[in-house]
Amino acid sequence: MHQSFSRALDFLYPRRCPVCDGVVPAFEIRDGHITRGGLIHKSCHRIIKYVRGATCVKCGKPLSDPTAEYCDDCSVKAHNFDRGYSVFVYRSVSGSIYKFKYMGRQEYAAFYGLATKKLLGRKLKALGIEAIVPVPMYHAKERKRGYNQAAVYARAVSAELGIPVCEELVTRVRNTAPMKELDARGRRNNLKKAFIIAKNDVKFKCVLIIDDIYTTGSTIDEIAHEFRMAGVEKIYCLTLAIGQTT
Ligand SMILES: [Zn+2]
Ligand SMILES: [Zn+2]
């Protein structure tokens, strides 16, 4: 979007803070100068916890034991993706993501995208990613909600990193039961053949799968498996938030 146009929109539709949902002023007066306002209140930004320090070398989860290589989950289970990255510690942004997902607050993606670039931009750019692929939503569900939050986040990341997003590549062919109601085995069975690659020939060798929240990684594993079968060599994943191992 053109910058001046987006500025005009800030006046018409004040931007909301991704933490408290209050209005963030479009402009601020600092040292007698008018500057453009931020995407989040400064005091609210301090509440958010970023994923920093020792993380699992596989899924990217913060580790309680900084000398460990893998988290409890990854030390007993193999994943189909090469490496995962996350931006926020889930607990600190659960309310924000809930509003982003269920209450139409797609505008939060601007902050999420910028935060992703600041924390992981350099790392992600060095991976040689050719396409960003959001976890697709079952079409009837997406129609009902009006948008797929993973795709909205993926577009924001794409704009910040300058890597194209490819939304039509993977399709969710089955509506799956809400994952929170199932145990690990149930989750895997629930996802069997839930995704298909829409094209016979995937020309990418390196992709980044994007979702909003990382829990067990089973959804991403299913898509990564399909990519693997299609000949994709490097499969990374990025989620907005991840839990912490206790
Ligand atoms: Zn706020
Ligand atoms: Zn892990």
Side-chain angles (χ1 to χ4, degrees), residues 18 59-60 79-88 90 93 96-117 119-121 123-125 127-176 178-179 191 194-199 202-228 230 232 234-242:
C59 74
H79 287 291
N80 297 329
F81 56 84
D82 288 280
R83 175 76 162 89
Y85 300 89
S86 278
V87 184
F88 304 120
Y90 178 68
V93 291
S96 179
I97 293 180
Y98 183 86
K99 290 191 280 275
F100 176 59
K101 220 168 151 165
Y102 301 109
M103 292 171 68
R105 290 289 188 248
Q106 294 181 62
E107 64 195 275
Y108 292 179
F111 168 71
Y112 297 157
L114 189 64
T116 303
K117 182 188 177 181
L119 188 76
L120 298 165
K123 262 183 205 167
L124 293 172
K125 277 186 184 173
L127 297 174
I129 297 157
E130 296 158 280
I132 291 174
V133 181
V135 169
M137 203 182 246
Y138 187 61
H139 55 86
K141 197 170 165 188
E142 184 171 343
R143 252 204 319 274
K144 204 171 157 200
R145 190 176 294 178
Y147 60 99
N148 170 7
Q149 74 280 351
V152 174
Y153 172 49
R155 280 177 225 136
V157 173
S158 165
E160 293 290 351
L161 300 184
I163 301 169
V165 61
C166 207
E167 291 184 40
E168 310 302 322
L169 196 53
V170 183
T171 312
R172 196 170 201 138
V173 287
R174 282 204 305 123
N175 193 16
T176 46
M179 296 286 251
L191 284 165
F195 300 99
I196 53 158
I197 307 249
K199 285 178 191 162
V202 180
K203 60 180 192 293
F204 307 117
K205 292 285 168 220
C206 181
V207 299
L208 178 73
I209 301 168
I210 286 194
D211 206 358
D212 51 352
I213 305 161
Y214 185 100
T215 42
T216 63
S218 48
T219 308
I220 288 164
D221 273 332
E222 286 305 313
I223 298 172
H225 172 75
E226 296 300 322
F227 274 133
R228 212 51 98 188
V232 179
K234 286 283 172 191
I235 302 159
Y236 299 101
C237 61
L238 167 71
T239 48
L240 193 52
I242 194 164

If you look at every heavy atom in Ala154 and Pro134, which pair is closest and at what distance? CB-CB, 3.8 Å
Student check: side-chain heavy atoms of Ile213 and Ile97 closer than 4.5 Å: yes
Output for pair (Lys141 NZ, Arg172 CZ), nearest 0.5 Å, gives 6.5 Å
Using a 4.5 Å cut-off on heavy atoms from C-beta on, say whether the side chain of Phe88 contacts that of Leu119. no
Flag, side chain of Ser96 to backbone of Pro18, donor-acceptor distance under 3.5 Å: yes
Within a strict 4.5 Å, meaning less than it, do heavy atoms of the Val133 and Phe204 side chains meet? no
Any residue meeting side chain to side chain donor-acceptor pair (under 3.5 Å) with Tyr108, in chain and number order, not counting sequence neighbours: Asp21
Thr215 side chain reached by Tyr90 side chain, heavy atoms, under 4.5 Å: no
Kindly indicate whether the side chain of Leu238, heavy atoms from C-beta on, has any atom under 4.5 Å from the side chain of Tyr153. yes
How many angstroms lie between SG in Cys237 and CG in Asp211, if you round to the nearest 0.5 Å? 9.0 Å
Output yes when a side-chain donor or acceptor of Asn148 lies under 3.5 Å from a complementary backbone atom of Val135, and no otherwise. yes
Are the side chain of Tyr85 and the backbone of Gly60 linked by a donor-acceptor contact shorter than 3.5 Å? no
Salt bridge (Lys or Arg N to Asp or Glu O under 4.0 Å) pairs, two or more places apart, involving residues 143-156: Arg155-Glu167
Nearest 0.5 Å, what's the CD-CD1 distance between Glu226 and Ile196? 8.5 Å
Output for pair (Ile220 CD1, Asn80 CG), nearest 0.5 Å, gives 11.0 Å
Between Tyr112 and Phe100, is the ring centroid distance below 6.0 Å? yes
Heavy-atom distance under 4.5 Å between the side chains of Leu208 and Ile163, does that happen here? no
With sequence neighbours left out, the residues meeting salt bridge (Lys or Arg N to Asp or Glu O under 4.0 Å) with Asp221 are none
Contact summary for Ala156 and Gly113, nearest pair of heavy atoms: CB-CA, 4.0 Å
Using side-chain heavy atoms (C-beta onward) and a distance below 4.5 Å, is Leu124 in contact with Thr116? yes
Should Lys101 and Asp212 count as side-chain neighbours, where that means a heavy-atom distance under 4.5 Å? yes
Tell me if a side-chain donor or acceptor on Asp82 pairs with a main-chain N or O of Ile235 at a distance below 3.5 Å. yes
Using side-chain contact (heavy atoms from CB on, under 4.5 Å), reason through Gln149 and Met137 one step at a time and then give a plain yes or no. CA-CA 9 Å; Gln149 74 280 351; Met137 203 182 246; 3.3 Å; yes
Which atom of Cys206 lies closest to which atom of Ile129, heavy atoms considered: SG-CA, 3.7 Å
Rounded at 0.5 Å granularity, tell me how far CD1 in Ile209 sits from OG1 in Thr239. 11.5 Å
Using every non-hydrogen atom in the two residues, find where Pro136 and Ile223 come nearest and quote the distance to one decimal. CD-CD1, 3.9 Å
First locate atom NZ of Lys234, then atom CZ of Phe227, and finally report the distance between them rounded to the nearest 0.5 Å. 15.5 Å
